[in-house]
Amino acid sequence: DGRVQGVLGDGDHASILLAILIRAEEIEKDMKEGKGSYPFTKIQRCNQGNPQLIGQKPISFFRSVMALIDAPFLLENEKVLAEFPPDAVARAKKIMAEIGPTTGAYT
């Protein structure tokens with residue numbers, strides 16, 4: 001296939017991912033048409049940037065910490081804090097103590 005010519009020679013990450021995607025599509029087509037023999041019955045796409053697609057839980061700790069330090073007024077509201085994991089609250093408070101009242105424009 002001309003789309004993946006030289007993929008393994010130059011090691012270009014995007015080209016390798018494209019080659020994997022193209023091969024997965026070929027195998028999927030074979031399976032739909034009853035061609036080929038594979039030791040699996042389904043193609044699970046996991047190279048497209050969405051780990052939740054394959055069942056991985058979202059990484060909520062870092063998102064919780066960032067929410068609290070990007071909106072530090074949340075750290076003053078006990079009702080809101082009760083909705084966050086205690087370790088995320090503690091980390092956000094520690095970070096805010098080190099960096100000051102704002103994360104600035106480049107978060």
Which value, rounded to the nearest 0.5 Å, describes the distance between [X] atom [atom1] and [Y] atom [atom2]?
X: Ser37; Y: Asp30; atom1: OG; atom2: CG; answer: 10.5 Å
X: Ile99; Y: Ile69; atom1: CD1; atom2: CD1; answer: 5.0 Å
X: Ile43; Y: Glu25; atom1: CD1; atom2: CD; answer: 10.0 Å
X: Lys29; Y: Lys32; atom1: NZ; atom2: NZ; answer: 10.5 Å

Check: Any chance CZ of Phe61 has more than 12 other-residue heavy atoms, nucleotides or ligands included, within less than 6.0 Å?
Finding: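 Atom CZ in Phe61 is packed in, count exceeds 12.
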Item checked: Pairwise side-chain contact, Pro72 with Pro101, heavy-atom cut-off 4.5 Å (strictly under) ->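 They are not in contact (no side-chain heavy atoms under 4.5 Å apart), so the answer is no.
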Margin query: In this structure, would Leu21 and Phe40 fall into the same cluster of hydrophobic residues linked by side-chain contacts under 4.5 Å?
Written below: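 No: no chain of side-chain contacts under 4.5 Å links Leu21 to Phe40.
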Item checked: Verify same cluster id: Tyr38, Ile22 (apolar side-chain graph, 4.5 Å) ->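 Result: no, two separate clusters.
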Next item on the list: State whether Glu98 and Lys94 are salt-bridged, where the test is any N-O pair (Lys NZ or Arg NE/NH1/NH2 against Asp/Glu carboxylate O) under 4.0 Å.
Entry: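 Lys94 and Glu98: salt-bridged.
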Minimum-distance pair of heavy atoms, taken over all atoms of [X] and [Y]:
X: Lys42; Y: Met31; value: N-CE, 3.5 Å
X: Thr102; Y: Met96; value: N-CE, 4.0 Å
X: Asn77; Y: Lys79; value: OD1-N, 3.0 Å

Notebook entry, point to check: Are Ile27 and Arg23 close enough, and set up right, to give a side chain to side chain contact (heavy atoms under 4.5 Å, CB included), and what steps lead you there?
Noted result: CA-CA 6 Å; Ile27 293 171; Arg23 182 64 183 131; 3.6 Å; yes
Item checked: From Leu74, Val80, Leu68, residue fulfilling side chain to side chain contact (heavy atoms under 4.5 Å, CB included) relative to Val89 ->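 With Val89 as partner, Leu74, Val80, Leu68 yield a single side chain to side chain contact (heavy atoms under 4.5 Å, CB included), made by Leu68.
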Note to self: For Phe84 and Val65: C-alpha separation, side-chain torsions, deciding distance, then whether side chain to side chain contact (heavy atoms under 4.5 Å, CB included) applies.
What the structure shows: CA-CA 9 Å; Phe84 283 88; Val65 172; over 6 Å; no
